[in-house]
Chemist: 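Got a structure for you, questions after.
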There are 2 protein chains.
Amino acid sequence: MQCVMSSDAEGYSEVEIADITTGASVLVEGIVVSSQGAKQKVELKVARLNVIGKSDPLAYPIQKKRASREFLRTTAHLRPRTNTFGAVTRVRNALAYATHKFFQENGFVWISSPIITASDCEGAGEQFCVTTLLSKTGDGTECSVSSIPTSVDGTIDWSQDFFGKPAFLTVSGQLNAESYATALSDVYTFGPTFRAENSNTSRHLAEFWMIEPELAFADLNDDMACATAYLQYVVNYVLQNCKEDMEFFDAWIEKGIINRLTDVVEKDFVQLTYSDAVEILCRAKKKFEFPVKWGLDLQSEHERYITEEVYAGQPVIIRDYPKEIKAFYMRLNDDGKTVAAMDLLVPHVGELIGGSQREERLELLESRLDELKLNKDSYWWYLDLRRFGSVPHAGFGLGFERLVQFATGMDNIRDAIPFPRTPGSAEF
Amino acid sequence: MQCVMSSDAEGYSEVEIADITTGASVLVEGIVVSSQGAKQKVELKVARLNVIGKSDPLAYPIQKKRASREFLRTTAHLRPRTNTFGAVTRVRNALAYATHKFFQENGFVWISSPIITASDCEGAGEQFCVTTLLSKTGDGTECSVSSIPTSVDGTIDWSQDFFGKPAFLTVSGQLNAESYATALSDVYTFGPTFRAENSNTSRHLAEFWMIEPELAFADLNDDMACATAYLQYVVNYVLQNCKEDMEFFDAWIEKGIINRLTDVVEKDFVQLTYSDAVEILCRAKKKFEFPVKWGLDLQSEHERYITEEVYAGQPVIIRDYPKEIKAFYMRLNDDGKTVAAMDLLVPHVGELIGGSQREERLELLESRLDELKLNKDSYWWYLDLRRFGSVPHAGFGLGFERLVQFATGMDNIRDAIPFPRTPGSAEF
């Protein structure tokens, strides 16, 4: 905000103009008046000014000239003071609150799914181990391997670990959410999830927040309707409540973003089956890098072609994927080949939401576990939900930082979360 | 709900009454009518009934007779189907939503503080290590110590770990929140935090959710006012929005809980200094187990005496504690002996909120780190917040599960979270 101070203002004589530098904090009181300049509508006529906290202009890490995003990640504790990250933070906040509002207004109950889990249900790969066996000593980094408890055969003696067995950071709260949905009806999770994936891309984080609603007495159509209503609600909320920040993004980050988001709120979402999507891709007069064939997963170039070229920026929901390329818990369709799964694709980020109707029939779920050579004993409690009072149910998952990217136009997912965690980087 | 089905209802002849057992799911349609029984006001006159999912009454783990809380923790996937845990879950949900509503309506921005951190600022003890060095192989539990990368001296080679150095689960998001508060003004966190503390008590969890607001341009009085307004808001929200569940708790879990909570909303909170509290305790005609003396920390027997006996159930805020028993970041008072810290005590759970004004003066913060022999280099970014545009700021932390206990009367904190994590226990 432009502040204009004349010599009759209180504190004028004490203020060292040289103290009002980038990064300093000041207390300004005055009257908001029409601005005489062209750059802003209003300005503050200063009645009183105090410098609260100085900032050495030579030492302050973020100089006035535009700092690169890469550099700003090394000063993640100061980057929220910039226009861009202030705006990202406020829009992220609005999306989070709109998420709670949407689900609460529709009768969903928020569940905190566990972060640490010793459950064997989740994929063993790409999980972080959580342990107290590698305790720090001395200067905080020395830990001798010889102090790790072992069994006679040299393997780690997990019984001496905090949880008495190997424990990991969760990759999804879905299975836990299902247990609450089959007790209380509609629920949702909103919490952090983790992948120990060694990918240094602009689309991956080791730590990210997920929203996972789970609807009881619901099928795939209900699930798609919920995903559509949710996305339109939160995007509309941001457009209505973050106008200044959205104008900032439209001007400086992605021209046309307000129109792109308005389309999402106002236009119908396209729905087509995986089989139709494959047919569209086969007919396309475009050369793709990856092959297109029924049974193969769609690559992001295919998804982009469909949402950006075929449907000109409309969100697209693709449903009924081959069972071989989807997770064990998805409900088998009557054709015996596809499952009741859906992916919601949007321009700019690609897949934003993935969901499915869950297999509620015990025998079918068990035979799917057998087919995939998964250990049924590990899934005892998940199978219990089908043994006792099973109900048709469905849900979806949404990576919250992808949503922030979608709503702000930020290119790199590391700029969509306050303190990003990636391979080699867990500072602050 | 009582459902009454007469022989003219659709599906009457197909329904096997034997299939409607505890744990089964049924679809019932009908008309709500005044009940003829005395136990309920209304009942459902069934027009149509279908059994959706059967439940073998002999196999269903939760039998009709009242199951113990200990037993129910072993069936955490089914316990939300009981009256008690259904009510706890709904009140927990209401408290979470009320938390967001309160802060959003007062202009606070939600910040997701990081879960994994390699920052050395946090206490090294009692933290869980997060690593990919102990990867699972084969059946998921075998990991040979010889496969852990080591340096020549036999210590672990952390450079080969996922983050390139030791990384831990966060114990608090406060320091991160401070960096956002000094950029954007008032913020709050609401996320999971962790303690690798080997305590098997009814008051401790290894994984719990914390709410940590941080107020910019604020002192301890602002902080206490915010804590008071927050607590009254969320308790009132539950009383207004969870009437049936609160009546259930009042009848079955803690007689008088509605009155106890109403007092919190309506009565003023007592404020007194630590020094006054010590004086009250010294004059008390009660024999305490632990000694009372200026400079010693208050034990829970002392806190209980003050809030339950001296102030008869009113919440009490004690402020200005000796600096020796409080954290390094708390602001030194002018007496040079105490810091601007506060604890909010409530009947039933004791300390519910702990907060402080933060030391915003660089030199004082640095000399406090020196006194405690903490490594200033580790705190470089935290000190930056004082180097560049420092502002008076204050905040507090609240353990969410303690709040759930306070609002429901549940004795054990393991029953205040869906899937509790404690030493030896991380199932589901």
Side-chain angles (χ1 to χ4, degrees), chain A residues 23-25 52-53 55 60 77 80-81 86 89 93 96-97 100 104 109-112 114-119 124 128-132 134 136 140-145 148 150 154-156 162-164 166-167 179-180 183-184 192 196 207 209 381 388-391 418-419 421 424 426 428, chain B residues 23-25 52-53 55 60 77 80-81 86 89 93 96-97 100 104 109-112 114-119 124 128-132 134 136 140-145 148 150 154-156 162-164 166-167 179-180 183-184 192 196 207 209 381 388-391 418-419 421 424 426 428:
Chain A
S25 69
I52 302 286
S55 171
Y60 189 61
H77 61 308
R81 301 185 183 190
T89 305
N93 170 67
Y97 188 49
H100 287 296
Q104 296 288 336
V109 173
W110 176 70
I111 302 296
S112 43
I115 311 300
I116 300 171
T117 179
S119 178
F128 288 103
C129 182
V130 175
T131 180
T132 52
L134 308 184
K136 290 198 291 189
T141 55
E142 304 305 318
C143 172
S144 166
V145 173
I148 299 172
T150 51
T155 58
I156 292 175
F162 189 89
F163 296 106
S179 95
Y180 270 71
L184 300 171
E207 171 182 315
W209 286 65
W381 64 268
F388 306 113
S390 189
V391 292
F419 300 94
R421 271 71 182 100
F428 306 103
Chain B
S25 67
I52 303 285
S55 170
Y60 189 61
H77 61 307
R81 300 184 184 190
T89 306
N93 170 66
Y97 188 48
H100 287 296
Q104 295 288 336
V109 173
W110 176 70
I111 302 296
S112 43
I115 311 301
I116 301 171
T117 179
S119 178
F128 288 104
C129 183
V130 175
T131 181
T132 52
L134 307 184
K136 290 197 291 189
T141 55
E142 304 306 317
C143 171
S144 166
V145 173
I148 299 172
T150 51
T155 59
I156 292 175
F162 189 90
F163 296 107
S179 94
Y180 271 70
L184 300 170
E207 172 182 314
W209 287 64
W381 64 268
F388 305 114
S390 190
V391 293
F419 300 94
R421 271 71 182 99
F428 306 103

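Sequence lines set the chain letters: A, B, ... in the order given, protein chains first and strands last, and positions in each chain run from 1. Since this is a predicted model, take the numbers as computed values, not measurements.
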Chemist: Below 4.5 Å, heavy-atom pairs only: which of A/A167, A/G154, A/A96, A/A426 has the largest tally toward chain B?
Modeler: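 Ranked by contacts with chain B, first place is A/A426.
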
Chemist: Please identify, among B/V109, B/I116, B/T89, the residue contributing the most non-hydrogen atom pairs under 4.5 Å to chain A.
Modeler: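 Winner by heavy-atom pair count: B/I116.
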
Chemist: What are the two closest heavy atoms between A/L184 and B/G86, and how far apart are they?
Modeler: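 A/L184 and B/G86 have their closest heavy atoms at CD2-CA, 3.8 Å.
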
Chemist: How would you list, by chain and number, every residue that makes a ring pair (Phe, Tyr, Trp, His ring centres under 6.0 Å) with A/Y60, sequence neighbours excluded?
Modeler: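 Partners of A/Y60 under the ring pair (Phe, Tyr, Trp, His ring centres under 6.0 Å) test: B/F388.
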
Chemist: Given the options A/A196, A/A24, A/P418, which has more heavy-atom pairs under 4.5 Å with chain B than any of the others?
Modeler: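 Most pairs with chain B among the choices: A/P418.
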
Chemist: Decide yes or no on side chain to side chain contact (heavy atoms under 4.5 Å, CB included) for B/I148 and A/I148, but give the supporting numbers first.
Modeler: CA-CA 11 Å; B/I148 299 172; A/I148 299 172; 3.7 Å; yes

Chemist: Can you tell which part of A/P192 gets under 4.5 Å to a heavy atom of chain B, answering side chain, backbone, both or neither?
Modeler: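 For A/P192, the side chain is the part near chain B, not the backbone.
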
Chemist: Compute the ring centroids of B/Y180 and A/F419, then answer whether they are less than 6.0 Å apart.
Modeler: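 Between B/Y180 and A/F419, the centre distance is under 6.0 Å.
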
Chemist: Which heavy atom of B/W381 sits nearest a heavy atom of A/H77, and at what distance?
Modeler: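 Heavy atoms only, the tightest pair is O-CD2, 3.3 Å.
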
Chemist: What is the ring orientation for B/W209 with A/W110, classed by angle as parallel under 30°, tilted 30 to 60°, or perpendicular over 60°?
Modeler: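 Ring orientation of B/W209 relative to A/W110: perpendicular.
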
Chemist: Counting heavy-atom pairs closer than 4.5 Å to chain A, which one of B/P80, B/A118, B/G164, B/A183 comes out on top?
Modeler: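 Heavy-atom pairs under 4.5 Å are most numerous for B/P80.
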
Chemist: List the atom of A/T132, the atom of B/F128, and the distance in Å for their closest heavy-atom pair.
Modeler: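 Distance-wise, the nearest heavy atoms are CG2-CD2, 3.7 Å.
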
Chemist: Report which part of B/I52 has an atom under 4.5 Å of a heavy atom belonging to chain A: side chain, backbone, both, or neither.
Modeler: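 B/I52 touches chain A through backbone and side-chain heavy atoms alike.
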
Chemist: How close do B/F428 and A/T117 get, counting heavy atoms only, and between which atoms?
Modeler: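 Result for this residue pair: O-OG1, 3.3 Å.
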
Chemist: Which residues satisfy the side chain to side chain donor-acceptor pair (under 3.5 Å) test with B/S112, sequence neighbours excluded?
Modeler: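 Scan of B/S112 (side chain to side chain donor-acceptor pair (under 3.5 Å), adjacent residues dropped) gives A/R92.
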
Chemist: What part of A/T131 lies closer than 4.5 angstrom to a heavy atom of chain B: side chain, backbone, both or neither?
Modeler: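 Interface part for A/T131: both.
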
Chemist: Nearest 0.5 Å, what's the CZ-CD distance between B/F163 and A/E207?
Modeler: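 It is 7.5 Å, given to the nearest 0.5 Å.
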
Chemist: Does any heavy atom of chain B fall under 4.5 Å from the side chain of A/I115, the backbone, both, or neither of them?
Modeler: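 Contact with chain B: backbone and side chain both.
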
Chemist: Could you check whether any side-chain N or O of A/S55 sits under 3.5 Å from a backbone N or O of B/G389, counting only pairs where one atom can act as donor and the other as acceptor?
Modeler: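 Between the backbone of B/G389 and the side chain of A/S55 there is no qualifying donor-acceptor contact (under 3.5 Å).
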
Chemist: Please round to the nearest 0.5 Å and tell me the distance separating atom NE2 of B/H100 and atom OH of A/Y97.
Modeler: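 These two atoms lie 9.0 Å from each other.
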
Chemist: For the residue pair B/S25 and A/S390, what are the closest heavy atoms and their distance?
Modeler: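 B/S25 and A/S390 have their closest heavy atoms at OG-O, 3.0 Å.
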
